[in-house]
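Structure, as structure tokens:
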Amino acid sequence: MLKRKDTMKTFFKWSKNITPSQVEQLIRAEKDIHKAMIVFDSATAEYGNGYRHDHNTFGAVISKLLCVNHFTPAENMIDRMKEEKCSITENIFLSICRAYGRVHRPLDALRVFHKMKDFECQPTEKSYITMFNILVEENQLRVAMRFYRHMKEMGILPSVVTLNVLIKALCKNSETIHSAFRIFMEMPNRGCDPDSYTYGTLINGLCRFGKICEAKELFEEMGRNGCSPSVVTYSCLIHGLSRDKNIDEAVELFEDMKRKGIEPNVFTYSSLMDGLCKEGRSSQALELLDMMISKRNKPNLITYSTLINGFCKEGKLPLAVEMLDKMKIQGIKPDAGLYGKIINGLCEMCKFQEAANLLDEMVLAGISPIRLTWSLHVKTNNIVVQGLCTDADLSRAFHVYLSMRTRGISVEMQTFDALIKCFCNKGDLHKASRILDEMVLDGCIPDQQTWSTMVSGLLNGRKVRELYEFFVIKLLRNSF
């Protein structure tokens with residue numbers, strides 16, 4: 001149910017000549033859904049004075065409800081329209097269908113589509129194509145193909161638009177892409193010449209399944225047939241070439257689209273950066289980032305991830321950290337994978353304190369282990385503790401170790417051994433013994449080297465009594 005605020009009690013004071021047009025304008029101008037409902041309900045209160053909502057005011061409030069995903073109240077409004085004998089247009093139903101598609105609920109969209117006839121609203125070709133496209137976009141391909149057959153039964157004749165959607169559906173599966181090409185070849189015979197969208201859909205499908213040579217041939221044919229490639233078509237082919245390690249061709253295609261006045265988008269830039277970084281050309285990728293920003297294209301998580309991965313691969317850790325900082329300034333939250341990449345890179349360069357700083361930053365940012373990132377957290381935390389031990393920063397190593405235990409991150413055998421050895425060398429046998437106890441509690445069985453380290457530490461400190469007590473306690477504990 002849509003919750004109403006106390007302000008619901010405060011109604012507008014309408015003039016005697018209140019019109020649906022005035023009500024519609026106020027509803028559409030109101031950004032707050034609760035206040036929009038106040039406008040709508042206060043106008044409803046004028047029914048006694050002869051006012052009636054029309055399909056425009058209902059449509060405006062339904063649109064507001066859909067913007068905040070209040071689907072049930074939106075559908076209830078249609079029932080109310082029927083009760084008040086208000087004409088219900090096709091566009092109102094389609095707005096609900098599209099909203100369900102937007103939140104990935106295609107079957108609810110289909111349910112609403114089928115309700116149209118119950119409200120004496122006959123779906124037109126526009127409705128059928130919209131619904132067909134929603135099913136295809138949401139990968140409900142079997143349902144989509146049944147729906148397409150239903151369209152034919154209802155007398156919806158093939159058009160460029162319907163065939164384009166059908167081709168898009170067939171291009172989503174490697175086993176059916178050949179059927180997409182058969183329809184493409186038959187289109188002229190049906191009086192439907194392929195357009196730029198047709199070619200772009202096929203090129204995207206070919207690139208998705210690694211058929212880059214066929215995609216390039218189709219791209220050239222597209223130009224010969226007078227169909228201009230869109231930024232989406234260029235981007236798909238650039239992405240395919242980059243993934244296929246044809247990076248020089250991808251760069252050439254990128255330059256070609258700029259010469260033709262087609263502005264690259266974020267996907268175009270990110271795809272080309274990814275290809276450059278995988279080929280060890282992160283410097284060129286960084287130049288693309290500067291160009292991208294100068295064109296007022298905002299980098300996204302994928303853009304930054306691509307660059308960070310490239311810099312880490314080439315050992316350019318300062319640049320990777322700089323990209324991480326830029327992300328945060330832009331308000332993009334780095335994930336555990338990005339932090340892990342940089343932390344592992346810093347550890348490989350023996351910069352363990354910097355790696356520990358990033359671990360602390362992860363904790364402060366609320367990036368906690370989940371099922372998918374569990375092994376990553378275990379790996380990064382253990383490698384940092386072991387590195388800090390070799391770097392003689394025992395205090396920091398112990399701090400990270402305690403943080404791991406607090407957050408339930410598994411401690412590896414090598415980490416326990418490194419900490420025990422360091423504390424024994426330092427003469428802090430109390431902490432060494434504590435860690436040994438926690439090691440046993442975690443189910444890790446100390447090996448001969450671990451016991452030797454503890455004994456050596458006690459003997460070096462000439463703590464014979466402590467040595468005796470240590471073994472007595474361990475033996476008694478192990479006997480129960």
| Residues Thr303 and Asn300: side-chain donor-acceptor under 3.5 angstrom | yes

| message | Quick one: does any side-chain atom of Glu90 pair with a main-chain N or O of Thr124 as donor and acceptor, under 3.5 Å? | response | yes

| message | Looking at every non-hydrogen atom in both residues, tell me the closest pair between Ser410 and Trp374 and how far apart they are. | response | OG-CZ2, 3.4 Å

| said: Within the 3.5 Å criterion, strictly below it, is a donor on Asn309 or Lys278 matched to an acceptor on the partner's side chain? | reply: no

| note | Rounded to the nearest 0.5 angstrom, the CG-OG1 distance for Asn69 and Thr72 is 11.0 Å

| Under 3.5 Å, side chain of His53 to main-chain N/O of Phe40, donor-acceptor pair present? | yes

| Between Lys341 and Ser305: side-chain donor-acceptor atoms closer than 3.5 Å | no

| So, does Gln330 use its side chain to make a donor-acceptor pair with the main chain of Pro299 at under 3.5 Å? | yes

| How many angstroms lie between CD1 in Ile238 and OG1 in Thr233, if you round to the nearest 0.5 Å? | 10.5 Å

| Is Glu83 salt-bridged to Arg80, cutoff N-O under 4.0 Å? | no

| query | Any Lys/Arg nitrogen of Arg190 or Glu186 sitting under 4.0 Å from an Asp/Glu carboxylate oxygen of the other? | reply | yes

| field | Evaluation steps, ring pair (Phe, Tyr, Trp, His ring centres under 6.0 Å), between Phe254 and Tyr269 | value | CA-CA 9 Å; Phe254 178 79; Tyr269 283 108; 5.6 Å; yes

| Any side-chain donor-acceptor pair under 3.5 Å between Gln386 and Thr415? | yes

| query | If we ignore angles and hydrogens, is there a donor and acceptor under 3.5 Å between the side chains of Lys168 and Asn204? | reply | no

| field | Lys216 and Glu220 ion-paired at < 4.0 Å | value | no

| Just checking, is any N or O donor in the side chain of Thr306 or Ser270 under 3.5 Å from an acceptor N or O on the other one? | no

| Is it true that Lys35 and Asp32 make a salt bridge, defined as a side-chain N closer than 4.0 Å to a carboxylate O? | no

| query | Between atom CD1 of Ile343 and atom NZ of Lys379, what is the distance when rounded to the nearest 0.5 Å? | reply | 11.0 Å

| message | Looking at Leu338, is its backbone amide N or carbonyl O close enough to the side chain of Asp335 to form a donor-acceptor pair, meaning the two atoms are under 3.5 Å apart? | response | yes

| field | Check: Thr176 side chain, Ser179 main-chain N or O, donor-acceptor pair, under 3.5 Å | value | no

| request: Kindly say whether His377 contributes a backbone atom to a donor-acceptor pair with the side chain of Asn382 at under 3.5 angstrom? | output: no

| Between Glu279 and Arg281, does at least one N-O distance fall below 4.0 Å, as a salt bridge requires? | no

| task | Compute the centroid of each ring, for Tyr148 and then for Phe132, and state whether the two points are separated by less than 6.0 Å. | result | yes

| message | Strictly by salt bridge (Lys or Arg N to Asp or Glu O under 4.0 Å), give each pair with a member in residues 68-79 just once, sequence neighbours left out. | response | Glu75-Arg111, Glu75-Lys115

| said: Between Arg243 (side chain only) and Cys207 (backbone N and O only), is there a donor and an acceptor less than 3.5 Å apart? | reply: yes

| field | Nearest-0.5 Å distance that lies between atom NZ in Lys64 and atom NZ in Lys31 | value | 9.0 Å

| task | Without swapping roles, check the side chain of Arg208 against the backbone of Cys171 for a donor-acceptor pair under 3.5 Å. | result | yes

| message | Looking only at side-chain N and O atoms, does Asp193 offer a donor or acceptor that is under 3.5 Å from a partner on Asn225? | response | no

| query | Do the side-chain N and O atoms of Asn265 and Thr268 include a donor-acceptor pair separated by under 3.5 angstrom? | reply | yes

| request: Would you check if there is a donor-acceptor pair between the side chains of Thr406 and Ser403 at a distance under 3.5 Å? | output: no

| remark: To the nearest 0.5 Å, atom CG of Leu359 lies from atom CZ of Phe352 at 12.0 Å

| Is there a donor-acceptor contact under 3.5 Å from the side chain of Ser63 to the main chain of Gly59? | no

| said: Which heavy atom of Gly101 sits nearest to which heavy atom of Glu138, and what is that distance? | reply: O-OE2, 3.4 Å

| Pairs flagged by side-chain hydrogen bond (donor to acceptor under 3.5 Å, both in side chains) wherever residues 360-371 is involved - sequence neighbours left out | Lys328-Glu361, Tyr339-Glu361, Asp360-Arg396

| said: For the CE atom of Met116 and the SG atom of Cys121, what is their distance to the nearest 0.5 Å? | reply: 4.0 Å

| Is it the case that more than 12 heavy atoms not belonging to Glu175 sit under 6.0 Å from its CD atom? | no

